Amino acid sequence: MDSTTDAWLRNRRRLRLTQTATSGAFLLPIMAVFVILFAVPFAQTIYYAFTDFSGYSTDVSFVGFANYAKVFADPALMQGLAFTLLYAIATTVLITVCAIPLAIALNQRFVGRNAVRSVFFFLSVPSMAILGIVWQYIFSPLDSGVLNTIVRSLFGADAVLWLSESSLARGCVIFVGVWAGVGWHATLYLAYLQAVPRDLYEQAEVDGANAWQKFVAITLPQLIPCIVVSTFLLMTAGLKVYDLPYTLTKGGPGFATNTLTQSIIVQGIAQGRADLGSALAVIFTVAVAAVVLAQLALANRLERTLS
Amino acid sequence: MNGRKGRLGPVLLSVGLLTLAAIAAVPLYYIVVSTFKTPVEMSQSPLGLPLSPTLDAYKDVFATTPVVQSFVNTAIVTAFGVGIQVVVGSLAAYGMILRRGRFTAIVGSLLMVAFVIPAQATLIPLYQMEAKVGLVDTLAGLVVMYLGGAVFCYFLIVGYMRKPPQELFEAARIDGSGPLRTYWTIVLPLVRPIMATVVVFQTMWVWNDFLYPNVFISSSDNRTIVLQVYNAVGQFTTNWPAFMTLTVIALIPVVVFFIFCQRWIVAGLAAGSVKG
C-alpha cells in the first residue's frame with residue numbers, strides 16, 4: 001500500500017517535471033524574443049539616456065539627468081512632444097464623437113448600407129504612409145491643388161497654403177487622421193450596437209421615449225465598454241503616430257507637426273545622438289504606460305459600477 | 001413616429017450616408033482617375049474625368065520603378081515576419097496552458113511587461129544591434145524586427161486557448177501523443193479562428209508598415225512597396241500621374257485583401273475588443 005502510494009507520488013512528480021520541461025521548451029522561442037527584442041534593448045535605452053553615448057563612440061561617460069534636461073529645453077523636441085499629445089487627444093475625441101453617430105446610422109436599415117459600411121471601413125485599411133502622401137497632393141498649395149480647386153469653385157477664395165502655416169498644418173494632419181480612422185472605430189461600435197438587446201428599445205418606446213432619450217438612456221450606457229476600448233486604442237495609437245505626419249508634412253512647417261517617434265529616430269539614429277534619443281524614448285514609454293494604466297484603472301472601475 | 005416620417009426616414013438616411021461616403025471616398029477617386037491623365041490634364045482638372053484616357057503613366061511606372069521587386073520584397077517580409085511570429089506566439093500560448101505553475105506565471109508577467117513597451121523604446125539599441133551583425137538594409141533584418149509582434153500574437157491566442165475544455169488537451173496527452181504532435185493535430189485546429197484573426201491583423205501591420213522599412217532600408221533593391229511609394233514622390237516630382245499610378249498598383253493587393261478578409265477583420269475587431 002505504502003509503496004504503491006510512493007510510486008504513484010514519484011510518478012506524479014516525474015510527470016510534473018516533464019510537463020514543466022515541455023512547457024518550458026514551448027516557451028523558449030518567445031523567451032528568446034523577449035530577451036533579444038525587449039529586455040536587453042530596453043535596458044540599453046534606459047542606460048544610454050543617462051550617458052553621453054552618440055551611437056558610435058566607445059568612450060561613454062555617465063551624465064545623470066542632463067539628457068532629460070536637454071530634451072525639455074529643446075524647442076524642436078518639445079514641439080514634437082506637444083504635437084504628439086495634441087494629435088492623440090484630438091483624434092481620440094473627434095473620432096469618438098464622429099464614430100458613434102456614424103455607427104448608429106450604419107446600424108439602421110437603408111439602401112446601400114453595405115456599400116457605405118465598406119467604404120468607411122476600407123479607408124482604415126491601406127498604409128497610413130501612402131494615404132499621407134496622397135493627401136499631400138490634395139493639400140497642394142498650387143491653384144490647381146484638389147482642395148484649392150474645390151475651395152475656389154465653392155467660395156471663390158484664393159489658394160490656401162494648407163501645410164505651410166503651423167496651426168493649419170496641425171489641423172490638416174489631425175483631419176486626415178480622423179478621416180482614416182473613423183470607419184474602423186465605427187465598425188467597432190457597430191459590433192457592440194448589434195449586441196444591444198432590442199427589447200430595451202421596445203420598452204422605452206412603450207414608455208414614450210423619443211430618439212434622443214433612447215440614445216442617452218440605452219445606447220450610450222450600453223456602449224461604455226466599447227468607448228473604453230476604442231479610446232484606449234486611439235490614445236495609444238495616437239501617441240505612437242509617425243507615418244502620417246511624416247509623409248504628409250515631414251513634421252513641418254518648422255517643427256509644428258513633429259512627433260515624438262520622429263524625434264527619437266532623427267536624434268537616435270540619423271544624427272548620432274543616441275543619448276538624447278534614448279531619453280526621449282524613456283519619456284515616451286512613461287507616457288504610453290501612464291495612458292495604459294489609467295485606461296485599465298478606468299475600465300476596471302466602470303466594470304465594477306456597471307456590474 | 002408618424003407614418004410620413006417612417007417612410008421618408010430611410011430614404012433621407014440613404015441619400016445622406018451615400019453622399020457622405022462619396023465625399024469620404026473622393027481621395028480614392030482622385031488617385032484612380034489621375035492615373036489615366038497626362039501631367040498637364042491632371043493639374044488643369046484634378047477631379048474631372050480624363051478627356052482622352054491614356055495608359056502612359058502605367059508604362060512610365062513599370063519602365064522606371066522596380067515595382068515587382070518591391071512586391072516580392074514585401075511578400076517575403078510579410079510571409080516570414082507573420083509566419084514566424086504566429087508560430088512563436090502559438091507555441092508559447094500552448095506552453096502556457098500545458099502546465100500552470102510559478103514558472104509560467106513569471107513568464108506571463110514578463111510578457112505583459114513586453115506588451116506595454118512600445119517599439120520606439122527599443123528602436124535605437126535594436127538598430128545598433130542589427131548594424132553590428134550586418135542586418136541593417138536587409139529583408140532578414142526587417143523580419144527580425146517584426147518578430148516582436150509574437151508577444152501580441154501570444155496574448156490573443158492564449159486568451160482563446162483558455163476557452164475550450166482543457167480535458168481535450170489532457171486526453172490527447174494520455175493517448176500517448178507527444179506534445180508537438182498534440183500541438184499540431186489537436187491544438188492548432190482548435191484555435192483556427194483566432195489564428196486567422198491574428199494572421200489577418202499582423203499581415204495588415206507588416207504589409208503596411210512604414211516605420212521599420214524607412215529606418216532600416218536604404219538600398220532601392222530592398223524597398224518594400226510602401227517605401228517605394230514614399231520614394232516615388234521625389235522620383236516623379238513633375239509626373240504626378242505616374243506617382244498616382246504607383247499608388248494604385250500598391251493599393252490593389254490591399255483592396256483584394258480587404259474584399260476577402262473583411263469578415264475576419266470585423267470578427268477580430270469584435271472578439272479582440274470584448275477582451276479589452
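Just so it is clear, the model here is predicted, and its values are computed rather than measured.
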Select one option (side chain, backbone, both, neither) describing which atoms of [X] are under 4.5 Å from chain A's heavy atoms.
X	answer
B:Val215	side chain
B:Met129	side chain
B:Ile31	side chain
B:Ala119	neither
B:Leu17	both
B:Gln128	side chain
B:Tyr230	both

My understanding is that only residues two or more places apart in sequence, or in another chain, count here; which of them pass side-chain hydrogen bond (donor to acceptor under 3.5 Å, both in side chains) with A:Tyr242?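 With neighbours one apart ignored, the set is B:Asn214.
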Tell me whether the centres of the aromatic rings in A:Tyr47 and A:Phe53 are closer together than 6.0 Å.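 Ring centroids of A:Tyr47 and A:Phe53 are no less than 6.0 Å from each other.
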Please rank [options] by heavy-atom pairs under 4.5 Å with chain A and give me the top one.
options	answer
B:Val87, B:Leu28, B:Val113	B:Leu28
B:Leu111, B:Thr247, B:Leu211	B:Leu211
B:Thr104, B:Leu110, B:Val116, B:Leu251	B:Leu110
B:Val15, B:Leu147, B:Val26	B:Leu147
B:Phe257, B:Tyr183, B:Trp240, B:Trp205	B:Trp240
B:Ala22, B:Ala150, B:Ala21, B:Ala232	B:Ala21

Let's test your reading of the structure: which of A:Val182, A:Val119, A:Ile133 forms the most heavy-atom pairs below 4.5 Å with chain B?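 Answer, by heavy-atom pair count under 4.5 Å with chain B: A:Ile133.
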Interchain contact, [X] with chain B, by part (heavy-atom threshold 4.5 Å):
X	value
A:Leu123	side chain
A:Thr149	side chain
A:Ala191	side chain
A:Val125	both
A:Gln267	neither
A:Ser118	both
A:Ile36	both
A:Phe42	both
A:Phe121	both
A:Trp135	side chain

Can you tell me how the ring of B:Phe216 sits relative to the ring of B:Tyr127, calling it parallel under 30°, perpendicular over 60° and tilted otherwise?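 Plane angle between 30° and 60°, so tilted.
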Specify the closest pair of heavy atoms between B:Gln85 and B:Val206, including all atoms of both residues, with the distance to one decimal.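 Result for this residue pair: NE2-CG2, 4.1 Å.
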Identify all side-chain donor-acceptor contacts of residues 28-35 of chain A below 3.5 Å with residues at least two apart in sequence or on another chain.
none

